[in-house]
Amino acid sequence: MTASRTPDVVVFDYGFGNVRSAQRALERAGARVEITGDYDAAMKADGLLVPGVGAFAACMRGLRAARGDWVVERRLSGGRPVLGICVGMQVLFDEGIEQGERAEGLAEWPGAVDRLRAETVPHMGWNTVERPEGSRLFAGVPDDERFYFVHSYAAHSWQLEVTNPRIAAPLVSWTTHGEPFVAAVENGPLWATQFHPEKSGDAGARLLTNWIETL
């Protein structure tokens, strides 16, 4: 992003997500933001944010009804940036498992999202994140900063292996509630966070700015 250009971001509205808070946070971070479920607008935008609140299966039904699965696939096949937040991150995995029921995800990453194994569920509150060296998402964010989580399910393992030396391996960040789980991923044009950057104060604002600067 340059000083003379304001990138366009679509917050994809498919009925599941805190779209207004995401819009305000992105605007403060320097983007021009539209909330819409329109396929063409989502395809043309410089960046696409996929929010998500609620049950995995219900979010997937909403995404498919709005053609969100096609939007994400086609944007990524063209190297166009996508950011997933909370359940918007979870649906990027192969499947979600809730109360023994399996629902297919977008399958951008292998593996399953299932219930947190902790004494207290949901995980609601602030937590630090262990991020890898070279992270662009967390650039300029002190290691001891905390981010806001509110969820009952997560990906407990990372299964994507990159064997081609010409392709950069994804950068995976972790946190712990009961046991470790994936807190964020940077995978080419596809970035995602389990926590809510739009609710994480200055640290979350910096993350959104870092993403916008890649558009």
Side-chain angles (χ1 to χ4, degrees), residues 9-26 29 31 33-39 41-43 45-76 80-98 103-109 111-114 116 122-124 129 137 147-155 158 170 172-173 175 181-200 204 207-208 210-212 214-215:
V9 174
V10 160
V11 176
F12 197 63
D13 186 6
Y14 63 102
F16 296 85
N18 297 319
V19 294
R20 294 297 176 187
S21 59
Q23 177 188 31
R24 290 191 293 268
L26 287 164
V33 184
E34 179 182 5
I35 299 173
T36 181
D38 180 75
Y39 179 91
M43 287 299 300
D46 297 309
L48 177 71
L49 186 147
V50 180
V53 172
F56 186 106
C59 284
M60 279 304 307
R61 286 194 295 270
L63 266 177
R64 290 196 174 100
R67 301 177 71 198
D69 51 343
W70 286 68
V71 171
V72 171
E73 180 184 357
R74 279 155 178 71
R75 283 189 65 92
L76 293 177
R80 308 287 305 285
V82 175
L83 175 65
I85 291 178
C86 197
V87 183
M89 169 179 166
Q90 295 176 8
V91 296
L92 297 169
F93 289 87
D94 279 334
E95 62 180 359
I97 304 170
E98 297 185 15
E104 292 185 1
L106 297 177
E108 294 296 335
W109 299 322
V113 170
D114 58 11
L116 290 167
H123 174 210
M124 184 180 300
V129 173
L137 178 62
F147 299 89
Y148 186 75
F149 291 81
V150 53
H151 61 118
S152 298
Y153 296 82
W158 180 256
V172 182
S173 301
T175 194
F181 63 86
V182 177
V185 179
E186 299 161 69
N187 181 201
L190 179 57
W191 291 11
T193 65
Q194 178 60 69
F195 56 84
H196 287 270
E198 79 280 11
K199 297 181 179 181
S200 296
L207 261 68
L208 292 176
N210 288 343
W211 180 63
I212 289 170
T214 69
L215 304 181

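What you see is a predicted model, and the numbers here were worked out from it, not measured in a lab.
- Residues Val50 and Tyr14 are in side-chain contact: their nearest non-hydrogen atoms beyond the backbone lie under 4.5 Å apart.
- Within 6.0 Å of CZ on Arg64 lie more than 12 heavy atoms contributed by other residues, nucleotides or ligands.
- Closest approach of Val91 and Phe56 over heavy atoms only: CA-CE1, 3.6 Å.
- Here the closest heavy-atom approach between residue Cys86 and residue Gly52 is recorded as CB-O, 3.5 Å.
- Counting heavy atoms from C-beta outward, Trp158 and Pro170 have side chains that approach closer than 4.5 Å.
- Considering every non-hydrogen atom in both Phe16 and Gly62, the closest pair reads CE1-CA, 4.0 Å.
- Taking both residues in full, the closest heavy atoms of Ala183 and Val129 are given as CB-CG1, 4.0 Å, listed atom of the first, atom of the second, then distance.
- A heavy-atom distance below 4.5 Å is not found between the side chains of Pro122 and Phe149.
- Proximity of Met60 to Leu106: side-chain heavy atoms (C-beta onward) are separated by under 4.5 Å at one or more points.
- Among the candidates Leu83, Ile212, Val10, the single residue satisfying the side-chain contact (heavy atoms from CB on, under 4.5 Å) test with Leu26 is Ile212.
- Remark: side-chain polar atoms of Arg75 are paired, donor with acceptor, to backbone N or O of Ala42 under 3.5 angstrom.
- For the atom pair CG (Asp46) and CZ (Arg80), the distance works out to 7.0 Å, reported to the nearest 0.5 Å.
- To the nearest 0.5 Å, atom OG1 of residue Thr214 and atom CD of residue Glu186 are 10.0 Å apart.
- With a 4.5 Å cut-off on side-chain heavy atoms, Met89 and His151 do not count as touching.
- To the nearest 0.5 angstrom, Arg74 atom CZ is 8.5 Å from Asp69 atom CG.
- Counting heavy-atom neighbours within 6.0 Å of Glu104 CD, excluding the residue itself, gives a total of 12 or less.
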Between Tyr148 and Phe195, is a side-chain contact (heavy atoms from CB on, under 4.5 Å) present by the stated rule, with each step listed? CA-CA 6 Å; Tyr148 186 75; Phe195 56 84; 5.8 Å; no
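- Atoms CD and CD1, from Glu198 and Ile85 in turn, are 4.5 Å apart once rounded to the nearest 0.5 Å.
- By the 4.5 Å heavy-atom criterion applied to side chains, Phe12 and Val72 are not counted as neighbours.
- Remark: of the listed residues Phe181, Tyr153, Trp109, Trp109 is the sole one forming a ring pair (Phe, Tyr, Trp, His ring centres under 6.0 Å) with Phe93.
- For the pair Thr193/Leu137, a side-chain contact is recorded, criterion being any heavy-atom separation below 4.5 Å from C-beta on.
- With rounding to the nearest 0.5 Å, the separation of NE2 in His196 from CG in Asn18 is 6.0 Å.
- Using a 4.5 Å heavy-atom cutoff, the side chains of Gln194 and Val182 are not in contact.
- Across every non-hydrogen atom of Asp38 and Ala41, the tightest pair is OD2-N, 2.8 Å.
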